[in-house]
Number of protein chains: 2
Amino acid sequence: MSERMKRRPTSIDVAERAGVSQSTVSRALAGSEVITEATRARVLRAAEEIGYFVDERAARLRRGSTGTLAVVVICRPGESAADINPFSYMLLGSVCLAASERGFETLVSFQAREEQFFGHYEERGWADGLVVIGTTTNRAAWDYFRGLEKAERRVVYWGSPFDDLEWVRSDNRAAGRLAVEHLLAQGYRAPCFLGAIDSPQHQFAERYEGYCEAMRAAGLEPCLVPTRDGATREEEGAAAVGAWLDQGGGADAIFAACDAMALGALEALKHRGVAVPGEIGLAGFDDLPAARFAQPGLTTIAPDPAAAGSLLVDALFNAGEGAPLRRVSVSLTPRGSTAR
Amino acid sequence: MSERMKRRPTSIDVAERAGVSQSTVSRALAGSEVITEATRARVLRAAEEIGYFVDERAARLRRGSTGTLAVVVICRPGESAADINPFSYMLLGSVCLAASERGFETLVSFQAREEQFFGHYEERGWADGLVVIGTTTNRAAWDYFRGLEKAERRVVYWGSPFDDLEWVRSDNRAAGRLAVEHLLAQGYRAPCFLGAIDSPQHQFAERYEGYCEAMRAAGLEPCLVPTRDGATREEEGAAAVGAWLDQGGGADAIFAACDAMALGALEALKHRGVAVPGEIGLAGFDDLPAARFAQPGLTTIAPDPAAAGSLLVDALFNAGEGAPLRRVSVSLTPRGSTAR
DNA sequence: CTGAAAGCGCTTACAG
DNA sequence: CTGAAAGCGCTTACAG
């Protein structure tokens, strides 16, 4: 009984047992229309009986595709799993879910250090396309991936610092406008923007542009909290707002370019005894879980998480057919930090 | 010039260009000791020049292994990427990082609904082993994976409800003891436990056992907040504590089996005007990012995230060699919620 | 140290 | 509707 051997069963084993050829097994298991239902049933049963599964290594080699999507999450060097931005994780989940719905497996890789940078998934026969997400602060990583673009390759980026690459992003200008409109509606009169607008993180600059538009539309002058460096976005936010308060502050609300910075800002404000939302209103972007549990709850704007993954995957595979959607719509969740 | 053709280059193209055989190319690129440095350099250069990468589909087919680890994250049905427990994400990151350090790629899949359940990664030639993590509440999923165990297979579970499967877990008893010891040291006299101890989530029961041990060691009687159902752990915690308070409560501290429940509990306490940490102290488990930003900050106990991934991956591949470590050590982070 | 040849387990023209 | 044969691109005994 060859079926009883310890080696894994092959399509030939199934063929023998079902009394058909290897070709027929392949067609039956692949769901080919051309096969008789009776034959298919026989094959399926034989496969089940000997615990046969198609070996994807061989199938893909022959077929030439992989049915897999590679997802690279760019991290900051030295970051451990607990330090990675929750939004990156959420986006990762969203991409995996969207890929799965479209019948793709996902090969996931977290990359932080120069020696780990790798994007040749297509050449290696590992994937049919690549989604790159993660922190914009790792400049070396983005430079590496930009360098890859010379070859023809299916890649799409979330939060790429380079406008010439294929990207999908939140509708950041709309987010900026939403923030200002909300703050003004809550009675604030001088909302300031917190976030680096000259950084490679164009998304921040886009949020700032939307902020400016809405400010000017309301007859107000835009203003900026000067940025500070920090090991994390939180520290950046805390340091910037701390220094700004030391200089006298001068606004009654802050729209922070991301929740992590807003949460840092919140700590700095509390630390100095500035009441939120009473003296200063605060809004962020990303809708991190932590935003909900902050005290007061942090008003925040965020892209639809499911839509983000879908758009990324679709952008990858519909690259040819017309301009794919590249902007994920955003919405504002009002919480205590702006409830004056 | 065959190198100029549009098709992807193969090892034969490299061989031609370097003036060696295909075998030599393979050995040179695989880092075989047996190859002359001069030959290797020639091969490397030729490969570089024509942009050659080894096709892993073929390499793996021939070699018989995959160099890949499958990671399944079990979710609750209907959960979107934004709803998945941050701790699951962190654990996922930790496993991917640990796998990468050991030279493995990671194939990630989020599974929630019955039709999606899949664990035959080895049979499919997709992976050499499988790590299953995620919510214990999806009973159908765990039953499915348990059913897989009949065949010989490399799997390891985090948070498996089944003690007979290969698992890696936090040192949950130590966590329970730590919580009680900390609460008593802070001056609380009657810490209660919040979490389902009869559920398939054995980890909760283990934390409860540790809690009981420390209580009895201190001459105190263990007590339980009756559990309630909810769509999320937070809602479970909020509902349970709400109902418990309605019944008169009767403890001056709560150790919740996980942070998500603790955060729900915190909301319920605030909602009813119970002061934390003044009237009731509160501690959780997991160290979610949200725990840090809660008001007051949530005291919490957590496993070392990096260690969790390492132990899982090691348990998978050292299964033969003696008993692998299966308990991840935990530590307590004191915050405002127990700072009386 | 290097090469010629076989073969990993599929899928897919090509016949019939 | 089904089968015999070729071939996807590697790696690895087996020779030399």
Query raised in the report: Is DNA chain D part of any stem, that is, at least 3 consecutive Watson-Crick or G-U pairs with both distances under 3.5 Å, and where?
Result: C:1-3 with D:14-16, C:5-12 with D:5-12, C:14-16 with D:1-3
Query - Short side-chain N/O contact from Thr10(B) to OP1 or OP2 of dG9(D), under 4.0 Å - result: no
Query - Phosphate contact (dT11(D) OP1 or OP2) by Arg63(B) side-chain N/O below 4.0 Å - result: yes
Requested in this report: State whether the side chain of Arg57(B) and the backbone N or O of Leu61(A) hold a donor-acceptor pair below 3.5 Å, judged by distance alone.
Outcome: no
**Report entry** Gln111(A) side chain to Phe118(A) backbone, donor-acceptor under 3.5 Å
**Finding:** yes
Query raised in the report: Between Phe87(B) and Trp158(B), how do the two ring planes meet: parallel, tilted or perpendicular, split at 30° and 60°?
Result: tilted
Query raised in the report: Heavy-atom contacts under 4.0 Å between residues 31-47 of chain A and DNA chain D, which residues?
Result: Val34(A), Ile35(A), Thr36(A), Thr39(A)
**Report entry** Nucleic acid contacts - residues 21-30 of chain A versus DNA chain D, non-hydrogen atoms under 4.0 Å
**Finding:** Ser21(A), Ser23(A), Thr24(A), Arg27(A)
**Report entry** For Thr135(A), all residues meeting side-chain contact (heavy atoms from CB on, under 4.5 Å), sequence neighbours excluded
**Finding:** Ile74(A), Arg76(A), Thr137(A), Asn138(A)
Query raised in the report: Which residue pairs pass the salt bridge (Lys or Arg N to Asp or Glu O under 4.0 Å) test with at least one member in residues 20-29 of chain B, sequence neighbours excluded?
Result: none
Query raised in the report: Glu49(B): what forms a side chain to side chain donor-acceptor pair (under 3.5 Å) with it, not counting sequence neighbours?
Result: Arg17(B), Arg45(B)
Report task. Quickly work out the Arg124(A) CZ to dC8(D) P distance and round it to whole Å. Result -> 21 Å
Report task. Find the distance Arg60(A):CZ to dC10(C):P and express it as a whole number of Å. Result -> 14 Å
Query raised in the report: If you measure from the Lys or Arg side-chain nitrogens to the Asp or Glu carboxylate oxygens, is any gap between Glu166(A) and Arg326(A) under 4.0 Å?
Result: yes
